[in-house]
Amino acid sequence: MKRNSFVYIFIFMQLSFMAIVSMTLFLRTEMNRDSIVDGGIYMGAIFFGLIMVMFNGMPEISMTIAKLPVFFKQRDLLFFPAWTYALPRWILKIPITFVEVAIWVFLTYYVIGFDPNVERLFRQYFILLLVNQMSSGLFRFIAASARNMIVANTFGSFALLILFALSGFILARDDIKSWWIWGYWISPLMYGQSALMVNEFRGNQWSHSLPGSTEPAGIEVLKSRDFFHEPKWYWIGAGGLAGFVILLNFFFTVALTYLKPFGSSRAVISEQTESNEQTNGIGGSIQLTNNESSSNRVTNLEIQEEVQRSISSKSSSVTEATVGAIAIKKKGMVLPFEPHCLTFDNVVYSVDMPQEMKQQGITEDRLVLLKGVSGAFRPGVLTALMGVSGAGKTTLMDVLAGRKTGGYIDGNITVSGFQKKQETFARISGYCEQNDIHSPHVTVYESLLYSAWLRLSADVKAETRKMFIEEVMELVELNPLRQALVGLPGVNGLSTEQRKRLTIAVELVANPSIIFMDEPTSGLDARAAAIVMRTVRNTVDTGRTVVCTIHQPSIDIFEAFDELFLMKRGGEEIYVGPLGHHSKHLIEYFEGIQGVSKIKEGYNPATWMLEVTTTAQELALGVDFADIYKNSDLHRRNKALIEDLSKPAAGSKELYFPTQYSQSFLIQCAACLWKQHWSYWRNPPYTAVRFLFTTVIALVFGTMFWDLGSKMNKGQDLTNAMGSMYAAVLFLGIQNASSVQPVVAVERTVFYRERAAGMYSAMPYAISQVIIEMPYIFIQAASYGILVYAMIGFEWTAAKFFWYLFFMYFTLLYFTFYGMMAVAVTPNYHIASIVSAAFYGLWNLFSGFIIPRPSMPVWWRWYYWVCPVAWTLYGLFVSQFGDVETPLEDGDFIGQTVEQYLRSRYGFRHEFLGVVVAVILGFTVLFASIFTVSIKVFNFQRR
């Protein structure tokens, strides 16, 4: 907790901010005690304080789940019984509770103008302490029993909804149906609420009588909303809360003791092909793997590939000649490409000097990472880019490929003799990144189809494109995995080595002439690395220019390369040239330097070369390998080669493409939408869970507010109807906004890679992300709207029904876009969820339910008009009740029609409906536009 103090400091700051907003909104000078309505506003203030303290326990969910894997491991190794883990968690939260509640109560109590008696101040403080303890217990219990973030969020929201709706504030006790009354009695919020209400309204301030009544005003107010009014309810509430604190912490301990962690067990089922059937279906068997480390996983698909390979090798005894023939056959691919060579001369790359280094007394403005490196990469030649960690291998590759987002590049880079221009270069080059980033919910074949669709030029016919993809899959040996879902790395889907081959294939289907690969074999075992290197070798044999950075290769892998580009720490080259058979040229070069120890028989040349060129060796021998290289014949030969290749060949033309992207804007939109469609369709934890959650909430609300829409005789009936709308909008909206965030965050990392590869501009991607949500939310809004509208019994006219649907649809839409927007403007979705949560509190407070607009002080009314939830409630309420002429029969409003009541109490006018519609459409468009622009402008990926 000490090292995670940021969370607690942030919560304290958030609480202080909300407390300041609340106390200036419910300021005592603006609050009266002359009618039941005034009492209702004090109730709103108490209720909001209660919710703030309750919802502050929310971060417990993610913090508990994050610690569970370690806890399960230690519990199963018998480090300790579960209760010894649960107890400190509870005890350590107590001092934090004291501070949190103190911030809220001591800031707001006297400013809002609650009863000035100091005893009542401490009584309120005591109840809120218990509420805070109860809420952390509840959220810890939900986390420990759900053991997974998605499940916990869904169930957590659901539990909150029931507690929230049945606390007696949103729906009065006498209006709760007999089949839901148990929920009222077991809602801890009800006990907290009753205690706080009795504490305030039995105070001295409320002992005067209202006009036309003999009872004290406080009791009148409590009775108007069906709250208990006997003083004993303070202690009943306190006792109830204390009971819940003990009970929930007990349940938390029980969950920790008996529940097992979710295993990542999964069946890997391969597609049976004819060749398997010949071998008694070896590949068709199912293998259950449980909690295996993904790097050592040999899936059945791999076994099947091996089987197919062994069959093909039996059927044709592969001799050297056959290999040559295969290579020649591979060269004649469906789509021709122009071979290009890449030369670079005296390339210097520097960045601004980091602040830490300046503080240590370094005076230069720039830190140089590459010190004038030169070389040439040619077609059909496989070059290894090597060096110790920090030598600048990946930096050089990023500079040549044009992937750097910052820094200063000097020097001369040419492509087939012409100056390199990044816009055209992105179209003829491919870059395989070290971490394999792919959309998780599409298949291998779809990933390739998508890449080819957006990157091959527009004049390539669809048939040709498909044939080309088939050839690439053959080349990279991905055919057995055609229909496999890509999945998330280390969680499900393809193994590390299969992902690597997919990364290579995704670049190959773009038909590039030059391919860069960043550590294609890192993180793989020997067998997997060999499969990947075979793929790389096949690629070079088609006549392409391929450059790989590589880290500690085995002898076999090292021998597969034709040339070596070796760098030393500080970004200088120390050997650039051919390897030779069994690396003989390399060994001759280094053994020819005075004092370098000879290589042992059978030793790996790659390891030897890195060992003899370390900084320590340079100091021991008193030499600088970079200088030795610069004075060698090898260097002079390379310089001559670079000069030769830097001149365009006779009759060759400079690279030119009429447009920046290979496809038109509309086709980019179509392709992005096609991929988003599959990503959503195959993601039931997001789409189906959201739909299910909505349906369940609709049924809960329908049965809870059964037939209340037709009652309009009392002010309380209208408050209940408004309560149903308020609770639904807030809960469904926030659930939508928070569940979309991880989905957008995962897709965004893929977007960074695809945009850098020149597949599309940011607009089509953002537009497709916005459009794909619309049908899903429409189904969600329609299913909710139809169920709830019928069960609550609103008036069955076509206009009113469609207004209800319209407002629900656009409200869910703007909430979802708001969640997406929060991700787009922040670096990751943890920060996004914290930032967006800060606004939910404000939207809740200013929605017009807790305190109606006419009762707000003048200096806060402007925020009511910029709060989207307030507009939604305005629209929903006015479209249902704004034209009703039924007179009311109770309280301060006897004789007023419903329409007049809405005008005087809430400031709602039916003729304002058109404006409300325009504003809600405006919010939807605004959030979607901010999302689109942010995706285009912000890049949180630093290279």
Can you confirm whether [X] is buried at [atom1], in the sense that more than 12 heavy atoms of other residues, nucleotides or ligands lie under 6.0 Å from that atom?
X: Y184; atom1: OH; answer: yes
X: W706; atom1: CH2; answer: no
X: F17; atom1: CZ; answer: no
X: M1; atom1: CE; answer: yes
X: W185; atom1: CH2; answer: yes
X: D707; atom1: CG; answer: yes
X: K73; atom1: NZ; answer: no
X: F98; atom1: CZ; answer: no

Determine whether the side chains of [X] and [Y] contain a donor N or O and an acceptor N or O closer than 3.5 Å.
X: R140; Y: N249; value: yes
X: T719; Y: R225; value: no
X: N736; Y: Q780; value: yes
X: E220; Y: W206; value: no
X: E100; Y: N132; value: yes
X: Y109; Y: R120; value: no
X: T97; Y: Q133; value: yes

Lys/Arg cation over aromatic [Y]: [X], 6.0 Å, 45° cone:
X: R173; Y: F228; value: yes
X: R123; Y: Y234; value: yes
X: R28; Y: Y110; value: no

Name the orientation class of the two ring planes belonging to [X] and [Y] (parallel below 30°, tilted from 30 to 60°, perpendicular beyond 60°).
X: F251; Y: F141; result: tilted
X: Y726; Y: F849; result: parallel
X: F55; Y: F164; result: perpendicular
X: F839; Y: Y818; result: perpendicular
X: F126; Y: W235; result: tilted
X: W180; Y: W182; result: parallel
X: F158; Y: F693; result: perpendicular
X: F122; Y: F106; result: perpendicular

Find out whether I11 and P59 are in side-chain contact, i.e. whether some heavy atom of one side chain is under 4.5 Å from a heavy atom of the other. yes

Looking at M190, is its backbone amide N or carbonyl O close enough to the side chain of S194 to form a donor-acceptor pair, meaning the two atoms are under 3.5 Å apart? yes

Which heavy-atom pair separates [X] from [Y] by the least distance, and what is that distance?
X: M63; Y: N4; answer: CG-ND2, 4.3 Å
X: P261; Y: R75; answer: CD-NH2, 4.2 Å
X: A146; Y: V151; answer: CB-CG1, 4.0 Å
X: S724; Y: I792; answer: OG-CD1, 3.9 Å

Nearest 0.5 angstrom please: M13 CE to I103 CD1, how far? 10.5 Å

